[in-house]
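These notes concern the structure reproduced below.
Here is how names work: the chains are called A, B, and so on, in the same order as the sequence lines, proteins then strands, and each is numbered from 1.
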Amino acid sequence: MTDPGFFDAVYQVVRQIPFGRVTSYGAIAKYLGSPQAARMVGWALNKSFDGKGFVPAHRVVNRFGLLTGKNYFGYSDTMKQLLENEGIMVEDDQIQNFEQKFWDPVKEMPEAEV
DNA sequence: GTTATGACTGCGA
DNA sequence: TTCGCAGCCATAA
């Protein structure tokens, strides 16, 4: 463990999101042990674009399934296109059947990797 | 070292 | 997905 930092922790979790699945900032933050730090999760994803490995940030949305960060992808349709590319239905910047596509790291990743 | 911001969440009305 | 306000953690300036 050393000190991976909050950002790296977020990246690792996001990368574990299966194809065609999505999760919320709070779910990731909760997995990290601080559900209140959900805002930091979004911030980390924002930095994920900065010369770092690719992170499926488009699979991370707020708990309403709304593409709150679509604007950070450069063009509004980018995030939407990526989600649709994974078979996720997106309507009005909002994921359809969100709870059906929802992927909770706390439940799906009971052990992760330490 | 302090202040302000943030891709959020939860609770009250 | 009600709307509005406050809180919490971590990073950047």
Side-chain angles (χ1 to χ4, degrees):
Chain A
M1 17 219 123
T2 69
D3 58 347
F6 203 93
F7 282 30
D8 290 341
V10 174
Y11 301 152
Q12 292 180 59
V13 176
V14 176
R15 288 173 183 166
Q16 303 311 308
I17 302 174
F19 183 91
R21 296 285 177 149
V22 294
T23 190
S24 64
Y25 305 97
I28 296 172
K30 184 176 182 180
Y31 178 78
L32 298 178
S34 299
Q36 318 300 24
R39 318 170 114 185
M40 230 324 94
V41 177
W43 197 276
L45 292 174
N46 181 294
K47 298 297 291 295
S48 70
F49 289 93
D50 182 50
K52 297 185 183 302
F54 173 74
V55 179
H58 57 274
R59 294 178 184 164
V60 186
V61 297
N62 70 349
R63 61 183 163 105
F64 294 109
L66 191 65
L67 283 57
T68 49
K70 69 182 179 67
N71 190 19
Y72 284 72
F73 279 74
Y75 293 96
S76 310
D77 293 341
T78 305
M79 190 172 186
K80 180 178 179 180
Q81 291 298 314
L82 289 170
L83 290 170
E84 292 182 330
N85 185 27
E86 302 197 357
I88 297 173
M89 294 178 290
V90 180
E91 187 70 24
D92 187 45
D93 299 330
Q94 181 177 333
I95 296 175
Q96 302 304 296
N97 305 320
F98 177 60
E99 57 185 293
Q100 182 180 330
K101 301 292 185 181
F102 185 72
W103 179 83
D104 187 345
V106 180
K107 294 180 181 178
E108 308 302 325
M109 298 176 65
E111 49 186 295
E113 58 168 85
V114 205

Could you tell me whether the side chain of [Y] reaches within less than 4.5 Å of the side chain of [X], counting heavy atoms only?
X	Y	value
A/Val55	A/Arg15	yes
A/Tyr11	A/Lys47	yes
A/Val41	A/Phe6	yes
A/Val60	A/Thr23	yes

How many whole angstroms separate atom [atom1] of [X] from atom [atom2] of [N]?
X	N	atom1	atom2	value
A/Arg63	B/dC8	CZ	P	11 Å
A/Phe6	B/dC8	CZ	C1'	11 Å
A/Trp43	B/dG6	CH2	P	6 Å
A/Asp8	C/dA10	CG	P	14 Å
A/Asn62	B/dG6	CG	C1'	14 Å
A/Ile28	B/dT9	CD1	P	10 Å
A/Phe49	B/dG6	CZ	P	17 Å

**Distance below 4.0 Å between A/Lys47 side-chain N/O and C/dA12 OP1 or OP2** = yes
**Asked** A/Met79, A/Met89: one ILVMFWY side-chain cluster at the under-4.5 Å cut-off?
**Response**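 Unlinked, A/Met79 and A/Met89 end up in two clusters.
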**Request:** To the nearest 0.5 Å, tell me how far A/Met40 CE sits from A/Leu32 CG.
**Result:**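 Here the rounded value is 11.5 Å.
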**Asked** Ion pair present between A/Glu86 and A/Arg59, side-chain N to carboxylate O less than 4.0 angstrom?
**Response** yes
**Prompt:** Any sub-3.5 Å donor-acceptor pair from A/Asn71's side-chain atoms to A/Gly74's backbone N or O?
**Reply:**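 No; judged by distance alone, with no hydrogens or angles, the pair does not exist.
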**Prompt:** Between the side chain of A/Asp92 and the main-chain N/O of A/Gln94, is any donor-acceptor distance below 3.5 Å?
**Reply:**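 No.
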**Asked** Got a sec? Which of residues 33-42 of chain A come in under 4.0 Å of DNA chain B, heavy atoms?
**Response** A/Ala38, A/Arg39, A/Met40, A/Gly42
With 3.5 Å as the limit, what N/O pairs link the protein to nucleotides 1-5 of chain C?
{"unit_1": "C/dT1", "atom_1": "O4", "unit_2": "A/Gln94", "atom_2": "OE1", "d": "2.1"}

**Prompt:** Can you tell me how far C1' in B/dC8 sits from the matching atom in C/dT1, rounded to whole Å?
**Reply:**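 The same atom, C1', in both gives a distance of 14 Å.
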**Asked** With a 4.0 Å cut-off on heavy atoms, is A/Phe98 in touch with a base, just the backbone sugar-phosphate, or nothing at all?
**Response** nothing
**Message:** For a quick check of understanding: with a heavy-atom distance under 4.0 Å over all strands, which category does A/Ala29 fall into, base, sugar-phosphate or nothing?
**Reply:**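 A/Ala29: no heavy atom of the nucleic acid under 4.0 Å.
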